[in-house]
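Have a look at the structure below, then the notes.
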Amino acid sequence: DDRGVLCSPNQRVAPRACAMVGRRQRSRTSCLASLLAVGALVGPQVSGFYLPGVAPIQYLEGAKVDLKVNKLTSSKTQLPYGYYTLPYCQPKDVKESVENLGELLVGDIIENSPFEISMLVNKSCEVLCVKKLTAADRQKFRSKVEDEYVVNWMVDNLPAATRYIWNTGNGAEQRYMSGFHVGFIDGENSGRVIVSNHFKLMLQYHSNPDDYEGFRVVGFEVEPHSIVQAVRSDPSKESGFTAFCDEASAKPFFDVDQHEEVVFTYDVEWLPSEVRWASRWDVYLKLSAGKIHWFSILNSLVIMLFLSGMVAMILMRTIYRDITRYNELATAEEAAEETGWKLVHGDVFRKPRFSKLLAVSVGSGMQILGMSAVTLLFALLGFLSPAHRGGLLQCMMLLFTFMGSFAGYACARFYRIFGGEGWRTATLMVAFLYPGLMFGIFFMLNLLIWGAKSSGAVPFTTMFALLLLWFGISVPLAFLGSYFGIRKEVELPVKISQFPRNIPTQQWFVGPVFSGLVGGVLPFGAVFTELSFIMSSLWQHQFYYLFGFLALVLCILLVTCAEISIALTYFQLAGEDYRWWWRSFFTCASSGVYVFLYSIMYFNSRLHIESFVSTALYYGYMLLISMVFALLTGSIGTVSSFFFVRGIYGSIKVD
């Protein structure tokens with residue numbers, strides 16, 4: 001419950017602002033391998049052995065330490081805005097840092113700031129600037145405060161953290177959120193808009209003279225305060241003013257509606273720390289829900305073991321008994337009374353309706369599976385670093401592009417089973433159908449963001465770069481994979497009869513609707529808990545770095561989808577219904593429907609989104625995620641069922 005959050009005692013903020021702190025954290029991860037591959041095109045230039053953001057920087061005493069600003073973010077609107085859209089103090093020359101493709105897609109805007117920070121040089125009540133407030137400025141502050149926007153700073157590529165106290169019921173513990181709120185609404189005094197205008201910067205450093213010379217930044221905390229400073233003119237200062245700040249006094253908060261100007265001041269305090277540079281992200285990535293994750297894993301393992309036992313029973317007992325019976329020399333009377341899955345051997349590999357679309361769907365699912373597996377492999381090998389903002393998204397985009405060859409190959413292999421006529425058309429579909437649908441939804445959502453004048457809108461130049469990746473790399477690779485996939489004949493254990501067999505009346509519980517409902521529940525149940533953490537990372541800007549758990553959940557998902565699809569396919573064939581192709585796909589793909597239904601529940605219970613644009617963004621992106629999940633699980637089910645069917649029909653004698 002957010003109301004269980006208490007702020008640090010020396011923090012001059014209102015109780016409601018304390019309650020809001022618990023909602024905010026951010027997720028930043030990256031893929032080192034992707035930057036190595038395309039650093040010259042979309043990322044910063046590599047210098048020496050280390051990549052930027054990975055190599056530690058040593059500062060000598062008195063050396064300048066840059067404080068950079070990033071976008072303003074809100075879990076209430078999901079629309080980021082540039083830092084200087086608010087009337088904050090600006091440097092004389094505002095410069096944007098070099099961005100990678102992932103940063104452009106998530107709307108990061110890294111800019112310089114007027115803060116003067118030097119290594120080991122403490123400061124107290126330093127005036128940043130004095131800004132005159134217009135009616136438009138007051139309205140901007142009111143709008144951002146009401147929408148609970150968070151300010152994001154960084155020093156030495158380390159995001160600013162705000163420390164708060166979390167009441168767990170068994171005592172209080174310290175936690176961190178990334179960034180701090182622009183301000184808060186003072187509900188006790190007629191809804192006054194209170195803005196943070198004094199910032200205490202607590203920077204932690206580590207030194208080891210035996211290994212390196214200088215000091216490394218290993219921590220960056222910000223304590224925001226709202227105070228009314230006493231200011232006098234001072235020509236000796238760069239800002240032209242000297243201020244007196246008393247955070248412990250009984251002075252009122254700074255109310256933007258009661259003042260004609262705002263004074264921004266800051267303190268700098270350097271603190272020694274035993275934390276090594278390699279461990280400085282631990283405070284952000286500290287896991288507080290490990291027991292929940294392990295419980296989720298055990299729950300998923302129980303589901304998987306149950307399915308494994310059921311499939312093993314089918315394979316070891318039922319099918320073995322069936323194969324033994326079918327291979328015995330039967331009399332004419334026994335042959336006439338024969339029932340079961342052997343009777344549909346002449347139709348089991350018959351071409352289904354919309355076979356081209358099925359092959360395309362399986363191919364796209366294999367493309368997503370390849371991207372997911374390689375991304376998690378990089379994560380498990382330690383190639384992911386939270387220091388690279390947008391790097392994870394960039395890694396996934398590039399891997400999806402190069403996995404176009406997997407999509408083409410899988411599509412061609414399945415389409416070869418269905419005759420292989422017009423395989424070039426199928427290849428065009430696998431290269432354009434689902435990627436085009438996703439790009440179209442993404443483009444329409446981007447137009448909404450652009451209309452809201454948010455920094456989250458992807459520039460049209462970046463859109464053009466995405467199209468170049470799509471048409472220049474992914475499409476040719478899809479044709480290359482399709483060329484190799486269509487060349488080799490797919491051997492089937494039985495021949496397809498000339499005329500289709502009549503299908504007997506089926507019971508309701510083996511119908512497509514019931515199979516889809518049952519088949520989709522189990523894969524969704526296997527990933528339910530992990531999905532909730534991922535959605536919190538996406539929509540509440542919390543940190544997510546649990547790739548070990550995620551890799552294990554993916555393995556459980558693969559096994560669960562394969563087993564539930566095999567089991568339901570066997571029951572369908574045992575009922576002499578040979579229309580298993582699409583059924584095996586939708587059995588597991590229906591889990592995407594459960595993901596979307598869960599997103600509706602999550603929206604109504606966990607988020608506070610009110611505007612139309614923000615709501616459209618949420619459901620638009622969750623529709624894309626649900627579609628991707630459906631393609632992934634559906635393709636696993638179809639591929640598993642195909643190998644199962646080919647295996648059992650290759651084990652019997654057919655006249």
*In terms of ring plane angle, is the pair W450 and F460 parallel, tilted or perpendicular, where the classes change at 30° and 60°?*
perpendicular

_Pairwise distance CG(L467) to CZ(F464) - rounded to 0.5 angstrom_ = 7.5 Å

*asked:* Does any part of the side chain of F524, heavy atoms only, come nearer than 4.5 Å to the side chain of V593, both counted from C-beta?
replied: no

*Are I625 and M535 side-chain neighbours, meaning at least one heavy-atom pair lies under 4.5 Å?*
no

*Side-chain heavy atoms of L466 within contact of L105, under 4.5 Å*: yes

_Contact between D137 and K131 at the side-chain level, heavy atoms closer than 4.5 Å - yes or no?_
no

*How are the rings of F141 and Y88 set to each other: parallel, tilted or perpendicular (split at 30° and 60°)?*
perpendicular

*Looking only at non-hydrogen atoms, find the nearest pair between M366 and I636 and report the distance.*
CE-N, 4.3 Å

*Any donor and acceptor pair, going by atom type alone, linking the side chain of Q78 with main-chain N or O of S75 inside 3.5 Å?*
yes

*Minimal non-hydrogen separation, F264 against P87, with atom names*: CE1-O, 3.8 Å

*Testing Q204, Q58, H206 for side chain to side chain donor-acceptor pair (under 3.5 Å) with R216, which one passes?*
Q58

*Would you name the heavy atoms of G82 and I109 that are closest together and state the gap between them?*
CA-CD1, 4.3 Å

*Main-chain N/O of M622 paired with S626 side-chain donor or acceptor, under 3.5 Å*: yes

*Give a yes or no on whether the backbone of P80 and the side-chain of S455 come within a donor-acceptor separation of less than 3.5 Å.*
yes

*Compare all side-chain heavy atoms of L72 with those of V151 and state whether any distance is below 4.5 angstrom.*
yes

*In terms of side-chain geometry, is the basic nitrogen of R280 or D156 positioned less than 4.0 Å from the acidic oxygen of its partner?*
yes

_Atom pair CE/OG of M438 and S364 - distance to nearest 0.5 Å_ = 7.0 Å

*Closest non-hydrogen atom pair, L104 against V458*: O-CG2, 4.1 Å

*Would you mind telling me which of F180, Y266, F220 makes a ring pair (Phe, Tyr, Trp, His ring centres under 6.0 Å) with W153?*
F180

*Does the side chain of Y434 come under 3.5 Å of the side chain of S361 through a donor N or O and an acceptor N or O?*
yes

*Just how far is it from atom OG of S74 to atom CD of E146, taken to the nearest 0.5 Å?*
11.5 Å

*Using a 4.5 Å cut-off on heavy atoms from C-beta on, say whether the side chain of V155 contacts that of D66.*
no

*Starting from the C-alpha separation in whole Å, work towards a yes-or-no answer on side chain to side chain contact (heavy atoms under 4.5 Å, CB included) for V222 and L201.*
CA-CA 5 Å; V222 176; L201 311 181; 3.8 Å; yes

*Do side-chain atoms of Q367 reach the backbone of F400 as a donor and acceptor pair under 3.5 angstrom?*
yes

*Between D108 and K71, does a side chain to side chain contact (heavy atoms under 4.5 Å, CB included) hold up when you go through it step by step?*
CA-CA 6 Å; D108 278 348; K71 61 187 178 184; 3.0 Å; yes

*With a 4.5 Å limit on heavy-atom distance, are the side chains of M463 and F442 in contact?*
yes

*Between I556 and A526, what is the shortest heavy-atom contact and its length?*
CG2-CB, 4.2 Å

*Answer with yes or no whether the side chains of Y602 and S536 bring together a donor and an acceptor at under 3.5 Å.*
yes

*Check whether any side-chain heavy atom of F547 sits under 4.5 Å from a side-chain heavy atom of L376, and report yes or no.*
yes

*Is there a donor-acceptor contact under 3.5 Å from the side chain of T401 to the main chain of S474?*
no

*Do you know which two heavy atoms are closest between Y84 and P114, and how far apart they sit?*
OH-CD, 4.0 Å

*Would Y619 and F603 count as a close aromatic pair, with their ring centres under 6.0 Å?*
yes

*asked:* By the definition ring pair (Phe, Tyr, Trp, His ring centres under 6.0 Å), identify the one residue from Y598, F533, Y594 that meets it with F528.
replied: Y598

*Looking only at side chains, do Y618 and S599 share a donor and an acceptor under 3.5 Å apart?*
no

*asked:* Determine whether F596 and F629 satisfy the following criterion, side chain to side chain contact (heavy atoms under 4.5 Å, CB included), listing intermediate values before the conclusion.
replied: CA-CA 10 Å; F596 191 75; F629 193 75; over 6 Å; no

*Indicate, with yes or no, whether the SG-to-SG separation of C561 and C588 is under 2.5 Å.*
no

